[in-house]
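Written out below as C-alpha cells is the structure these notes cover.
Every chain is numbered from 1 and lettered A, B, ... according to where its sequence line falls, protein lines coming before strand lines.
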Number of protein chains: 2
Amino acid sequence: MPPSRSATMADVARLAGVSVATVSRTLSGTRSVDPAMQRKVTEAAERLGYRVNLVGRALRQTRTSTVGLVVPDLDNPYFSALAQQLSRAFSDPGIDLLVFSADGSLETEARGVRSFLGRQVDALVLIPVHEQLSEPSVTAAAAAVHTIQLDRRVQGTAASYVGVSNRAGMQLVREHVAAAVDVSRQPVVYVGATPDSSSAHERLDGMRQYFSPDVPVLLGDFSAAWGREAAARILADGWTGATIVTAADVIALGVLAHLLHEGRSVPDEFRVVGFDGIGAAALAHPSLTTVRQPVEEMARSIRSLVESDDEPSSRWFKPDIVFGATSPAAP
Amino acid sequence: MPPSRSATMADVARLAGVSVATVSRTLSGTRSVDPAMQRKVTEAAERLGYRVNLVGRALRQTRTSTVGLVVPDLDNPYFSALAQQLSRAFSDPGIDLLVFSADGSLETEARGVRSFLGRQVDALVLIPVHEQLSEPSVTAAAAAVHTIQLDRRVQGTAASYVGVSNRAGMQLVREHVAAAVDVSRQPVVYVGATPDSSSAHERLDGMRQYFSPDVPVLLGDFSAAWGREAAARILADGWTGATIVTAADVIALGVLAHLLHEGRSVPDEFRVVGFDGIGAAALAHPSLTTVRQPVEEMARSIRSLVESDDEPSSRWFKPDIVFGATSPAAP
DNA sequence: CTGTTAGCGCATTCAC
DNA sequence: GTGAATGCGCTAACAG
C-alpha cells in the first residue's frame, strides 16, 4: 500500500544537506550544479524513492508537456489508430499524449475537454462527436489553448484542423468505379453515416457530387452493426449486383460479413468499397478496396502544429485508394 | 488564440465582491452559501469565463478523481476494447480515465507510469508489456498508489490483478476440439506468442496442459502479421488439415486471411480458433470461433477495486467459448 | 555555482 | 455563513 506521504524535494534537500533549489536544478537538469552536490542529491533522491510531483511543477510553470486527445470512442479502429500514431509522434519530443474517450456522448466529450483544459494541457487534439453540437466544446478549448480538430471538424471556430479531403476520396472511388465497374448492370449504392459529423457529411456530399445527386443512399452510424443491417436491406430491396460504396471500413466490413453470410459472392455479384484504410481492411477476405488516409503523416502534422504555435491553420491531406479484392482495380 | 492569462478565483472574487473562499465554496458546492452571493459568484464566473484550474486543486487536495491506464498499444483491438470499457465504467462515478499508450516499449511504459504517478492519479491500471521486465514499473506504481494489473501481470508485486483464467480458456478449447474435431486426421497446432507476457505464457502452458506437452507450437507476437506468417509456415511445412489454435484473435485473423488467400478452405480443410472475443471475430468470414473474455465485467470489477481501496487482491474471471464457423461446435 | 524567497491556484483551516 | 490566512510541491528571480 502507498506510504502515507511520498518524499518531497524538501525531504531530499534535508537529507542531502542542500537547498531545495539545488535539488530542483539537479533533478530537472535545468542549470549546472557542482558534481559533488549532484551526487549527494541523486543519492538522497534515490534513497527516499523521490519522484517529482508534476502537479507542483505544472502549477509553477506554464507548460505541462502534455497534449490531450479526445476521441469519440476507442472501439472504432480508425480512432484508435489515430490515437496510437499520435502517441508515437509525441513520444519523441517527450510530450505525453493522454487520451480520453467521449464514449459517443456530447456530455462526456465536454467533460473530457473541461478536464484537459483544467489540467493545463499545452494543446488539445479533438475529434468532435458532432458537426454542430460539439461547437461549445471546440470553442471553449480554442479560447484556452491551441486546439486542433482531427478528422472531423466544427466550422467557424478558432481551432486548427487536420484531416483528409473526403471529397477527393470519393473522387478516387468514382474514378475507380468508372474504370472497373459496369454501372448499368452493377449500380452504385452508398451506405453512409448520418451527416452529423463533418466526415459523414463530406463523404455523402462527395458521393452526390462525383456520382449523382440521386445516388441511392442508406444512412446509419459508423459501425459494423449498421453495415450488416444496411446489407440486409439492400438484399431485401432486391438490389442484386450492386456496387456498395461505404463511408467507413467498419461499415464496409459489416456489409461484407452479411453478404458473405448470406452466400452472396463478392466481387462477382456485389462489390464493396471502404473508407479509412484501417489494418483490418487488408485482413478481410476478400480484402477490402478502400480509401486510405495517411494517418502517420497526419499525426506528424499535428505534432508540428503543436510545436510551432502559429496561428490556427488547416491542412487537408490527399487520400489514396488501395485496391483489394472486394472491388478489383480491373473488372 | 488563448488569452494571456485565464481567469482565476481571485478574479471572480474581485468581480463578485466576495472572498475567494466564497467563490471556492460556491463553485465546488462543498458548503452551503447564501443564495444571493451564490448568484453573484456564478454570474461573475460566467462573465469571466472562469474554469477551475485542476492543477491548483490537485495540489491542494490529495485526490484528483483521475485514474490512469497504461496499455501496451492501442492497435490491438483487445486493448482498445478494454480502454473503452474502462472509460465507460469510470464515467459514471465522475472519474476521468486517462489512457497512455506504451507503444510496445518498456521505456515508454515506464514513462507512462512515472507520468501518471507524477500527476497524482488516484489509481493506476496497467497492462504490463513484459512479464519480468515490467516489474520495476509495476512495483514503483504499487508503492505510490493503488495499482491494478489488467489482462497481464508481473508476479510478486503489491498490485491487484484482474484478468481471465487463460488456462480455463484453453480447457474450453480442448473440450471443444475433443467434441468436434477428429484430431488424428486434423492435428492441433498452436500459433502463440512468445511467453514474455503472462497472458502469452499462461495460454501456452494451458495448451501444453490440456492438449499435450508436445503440441506443435509456433511463437511470434500478438499481431495479424505474425498470424499470416505462421500460416505460411504451416502450409510450407505440409501441415495439411491442421486445427490451428491461436493465442489471440488478431493472430487468428491473420492466420485465416492467409489460409483463405491461398485458397484453402476453413473449416473443411483447416480449423481456426481465436482468443479474446473482440468484435472483429464475429465479422470475419467464416466467423471466428474464439474464447471470449468478459471485458465489461472486468471493467466493473476494476472500478469497484478502485472505489473501495482495500488490500490488493486478484480476481480471475471465467471466459466462455463462442462458436463461429472457423471451427463449428458440431463436426 | 548556491541559497533564500516568492508565488503559481486552490481548498481548507481558523476566527468571526 | 463569511473572510483572512495558510500551505500543498515546485521552479524562477534575485542575491550573494
inquiry  = Classify A:Val52 by what it touches in the nucleic acid, base, sugar-phosphate, or nothing, heavy-atom distance under 4.0 Å.
reply    = sugar-phosphate
request  = Take A:Asp122 and A:Thr64 through the test side chain to side chain donor-acceptor pair (under 3.5 Å) and record every step on the way to the result.
outcome  = CA-CA 6 Å; A:Asp122 295 344; A:Thr64 52; 3.3 Å; yes
task = Looking at every strand, decide which applies to A:Val33 at a 4.0 Å heavy-atom threshold: base, sugar-phosphate, or nothing.
result = sugar-phosphate
inquiry  = Distance check needed: C:dC10 C1' versus A:Gln120 CD, whole Å only.
reply    = 12 Å
remark   = To the nearest angstrom, the CG-C1' distance between B:Asn53 and C:dA11 comes to 13 Å
task = Select from A:Asp34 and B:Tyr50 the residue whose nearest nucleotide in DNA chain C is closer to the 5' end of that strand.
result = A:Asp34
Under 3.5 Å, which N/O atoms of the protein pair with N/O atoms of nucleotides 12-16 of chain C?
{"from": "C:dT12", "atom 1": "O4'", "to": "B:Arg60", "atom 2": "NH2", "distance (Å)": "3.2"}

query = Is any side-chain heavy atom of B:Asp11 less than 4.5 Å from a side-chain heavy atom of B:Tyr50?
reply = no
query = Do the side chains of A:Arg119 and A:Thr66 get nearer than 4.5 Å, heavy atoms only?
reply = no
key: More than 12 heavy atoms of other groups within 6.0 Å of A:Glu296 CD   = no
request  = Decide, yes or no, whether a salt bridge links B:Glu202 with B:Arg153 under the criterion of side-chain N to carboxylate O below 4.0 Å.
outcome  = yes
request  = Run through B:Gln149, B:Arg152, B:Glu109 and flag the one making a side chain to side chain donor-acceptor pair (under 3.5 Å) with B:Ser134.
outcome  = B:Glu109
note = Sorted by position of nearest nucleotide on DNA chain D, 5' first, the leading residue of B:Leu59 and B:Thr22 is B:Thr22
